[in-house]
A.B. asks: 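Could you have a look at this structure, given as structure tokens, before my questions?
Just so it is clear, the structure is predicted and the values come from calculations on it, not from any experiment. To find a chain, count down the sequence lines: A is the first, B the second, and so on, and within it residues start at 1.
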Amino acid sequence: MSYVPSAELVARVLEGNLRAIARLATRAESGVDEARMALDDVFRHAGRAHIVGITGVPGSGKSTLVTALTAAIRRTGRKVAIVAIDPSSPFSGGSILGDRIRMGEVAGDPGVFVRSMATRGALGGLARGALEVVDVLDAAGFDVVVIETVGVGQDEVDVARAAHTTVVVSAPGLGDDIQAIKAGILEIADIHAVSKCDRPDANRTIADLKNMLAMAVGAGTRYGVRLTSKPGAAPDRELEWRPPVIATSSQRGDGVDELLTAIDRHYAALRDSGELDARRARIAERRMLAAAEDILRTRFAQHRDGRVAELLGAICERQVSPHAAATRLLDELNVGGHA
Amino acid sequence: MDASQDRIRVIIAKVGLDGHDRGVKIVARTLRDAGMDVIYTGLHRTPEEVVDAAIQEDVDVIGVSILSGAHMTVFPRLVELLKAKGADDIRVVGGGVIPDDDLPKLRALGVSEILLQDTPPETIVAAVRRVVAERGAR
């Protein structure tokens, strides 16, 4: 395929043309201005897919589980796209994207599309442009879009503000029950999957998670409603949802159908309660603010040697505080306009 | 890191029964350190799987290392599949242990570059960059 302008790729994406999908995803990832209007157009055609986020620590078995889950979704006849994220080097900016190594089982299935992405300096577990790539796959007609985050630590929770359903994968042997009651990653789970349950110490991990959940309920925390924050999009009724803990073993093939059942049940519960609209509003809010940040960062970079440098000098000499300088910078840059 | 910069995307694959992946991992790392996004498929892929993956990943270059002697089967098949799928803007770069007599044949078949054993890292990086530059923007 020789050069095709992004505007012309859109129609082909909507037809499900693989090369067009892949090319527009590349342009979304690199953030080129040329693709901006095409991606705006794609966004208007997206919104039908069920977006499922899968997150967990490095080596917890995310890719392996995503592969098994994808095979299970395919058996129900639905088409699946996977956005698999791995880290960029903080030094060279390059990356080794290895999630496909585990995905042999679904290779060659025309109903599966796998796209690897590098974080490119984004923190929070996702990659720059990842949600625009999700839009492209959604608009192309994939029924389920799975976002597999980079291996996360304790605090990278962006995926919960990008997905309808978030699955947190825990592996046995990675810490005690205090880890399980800490704030952060475990709190964002709609579903807990414990991987590698062929191992003897898996029962301990399952028990710790279940205890943690029981404690939270006992203390009066109500799951499902805690993430609703948009007043205009309040749920019709409260979502009755307690995150299940599902034991899986990719080696033995256990638990994957149960995981899919839980994911489908969660989506149905979101729809029936009206919580889905609230989550969509939350995703929209996060994306708009993230886009605003990106625009600002770009504008600042354009003025790095000019006004930004002057203000930095003034800050270093303590003539002006960082906060006051930032306010001045924003006033001067007329941020809403085009550069 | 500049998010708007065009980054070269390369898929690195091992095809067939050849299980020697030390060299290919070093190549993957070398290209990473040169600032490229490298998708590594792992071992025992078929040419069909590699081409399908290359299309989904929208790579600039497919790099396949072969130490098993199957190069005269695998490389022509990769080139043929790319043509059949309208994806011959994706370039094929070969590596591994390949007899000198086969090099002109592979080039004539459409393999853009062949990097033999003992190729220094900077030569590998330069070759990938050259192949992408010669293809031009897309």
A.B. asks: Side chain from CB out, backbone as N, CA, C, O: work out which of these in V133(A) comes under 4.5 Å of a heavy atom of chain B, or both, or neither.
C.D. replies: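 No part of V133(A) comes within 4.5 Å of chain B.
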A.B. asks: What pair of heavy atoms forms the shortest contact from D89(B) to R23(A), and how long is it?
C.D. replies: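 Heavy-atom minimum between the residues: OD2-NH2, 3.3 Å.
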A.B. asks: Nearest 0.5 angstrom please: R32(B) CZ to F91(A) CZ, how far?
C.D. replies: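 Going from the CZ atom of R32(B) to the CZ atom of F91(A) covers 9.5 Å.
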A.B. asks: Going from OG on S88(A) to CZ on R7(B), what distance comes out if it is rounded to the nearest 0.5 angstrom?
C.D. replies: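 These two atoms lie 6.0 Å from each other.
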A.B. asks: Heavy atoms only, distances under 4.5 angstrom: which of Q56(B), R138(B), K85(B) has the most pairs with chain A? Name it, please.
C.D. replies: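 Highest number of pairs under 4.5 Å: Q56(B).
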A.B. asks: Could you tell me which of L43(B), D52(B), T41(B) has the largest number of non-hydrogen atom pairs under 4.5 Å with chain A?
C.D. replies: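 When all of L43(B), D52(B), T41(B) are compared, T41(B) has the most.
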A.B. asks: Out of G104(A), A301(A), A25(A), G108(A), return the one with the most heavy atom pairs under 4.5 angstrom to chain B.
C.D. replies: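 Highest number of pairs under 4.5 Å: G104(A).
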A.B. asks: Are E57(B) and M117(A) side-chain neighbours, meaning at least one heavy-atom pair lies under 4.5 Å?
C.D. replies: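 No, side chains not in contact.
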A.B. asks: Could you give me the CA-CA distance, side-chain angles and deciding distance for S95(A) and D37(B), then say whether side chain to side chain donor-acceptor pair (under 3.5 Å) is met?
C.D. replies: CA-CA 5 Å; S95(A) 65; D37(B) 281 336; 2.6 Å; yes
A.B. asks: With chain B as the partner, which of V114(A), L18(A), D99(A), T26(A) has the greatest number of non-hydrogen pairs under 4.5 Å?
C.D. replies: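 Between V114(A), L18(A), D99(A), T26(A), the count favours V114(A).
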A.B. asks: Kindly indicate whether the side chain of L97(A), heavy atoms from C-beta on, has any atom under 4.5 Å from the side chain of Y40(B).
C.D. replies: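 The answer is no, as the side chains (C-beta and beyond) never meet within the 4.5 Å cut-off.
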A.B. asks: For R9(B), is it the side chain, the backbone, both, or neither that has a heavy atom closer than 4.5 Å to a heavy atom of chain A?
C.D. replies: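 Looking at R9(B), just its side chain touches chain A.
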A.B. asks: Go through the atoms of I96(A) and report whether side chain, backbone, both or neither lie under 4.5 Å from a heavy atom of chain B.
C.D. replies: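 Interface part for I96(A): both.
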A.B. asks: With salt bridge (Lys or Arg N to Asp or Glu O under 4.0 Å) as the criterion, how do R100(A) and E49(B) come out once you've worked through the C-alpha distance, each side chain's angles and the decisive distance to 0.1 Å?
C.D. replies: CA-CA 11 Å; R100(A) 276 185 176 270; E49(B) 286 172 357; over 6 Å; no
A.B. asks: Quick check on the interface: out of G136(B), A34(B), A87(B), A137(B), who has the most heavy-atom pairs with chain A under 4.5 Å?
C.D. replies: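 Between G136(B), A34(B), A87(B), A137(B), the count favours A87(B).
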A.B. asks: Just grab all the salt bridge (charged side-chain N to carboxylate O under 4.0 Å, His left out) pairs involving residues 77-95 of chain A, residues at least two apart or on different chains.
C.D. replies: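 Pairs touching residues 77-95 of chain A that pass the test: R78(A)-D264(A).
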A.B. asks: Can you tell me which of I8(B), L31(B), I12(B), I55(B) forms the most heavy-atom pairs within a distance under 4.5 Å of chain A?
C.D. replies: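 Among the listed options, the one with the most contacts to chain A is I55(B).
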A.B. asks: Working note: R27(A) + D58(B), criterion salt bridge (Lys or Arg N to Asp or Glu O under 4.0 Å); need CA distance, chi angles, decisive distance, verdict.
C.D. replies: CA-CA 10 Å; R27(A) 293 192 187 148; D58(B) 193 35; over 6 Å; no
A.B. asks: Checking side chain to side chain contact (heavy atoms under 4.5 Å, CB included) against S116(A), which of I39(B), V59(B), I11(B) comes through?
C.D. replies: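 So, applying the side chain to side chain contact (heavy atoms under 4.5 Å, CB included) to S116(A) and each of I39(B), V59(B), I11(B), only I39(B) qualifies.
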A.B. asks: What part of R297(A) gets closer than 4.5 Å to chain B, counting heavy atoms only: side chain, backbone, both or neither?
C.D. replies: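 Contact with chain B: none, neither part.
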A.B. asks: What part of A53(B) lies closer than 4.5 angstrom to a heavy atom of chain A: side chain, backbone, both or neither?
C.D. replies: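 Interface part for A53(B): both.
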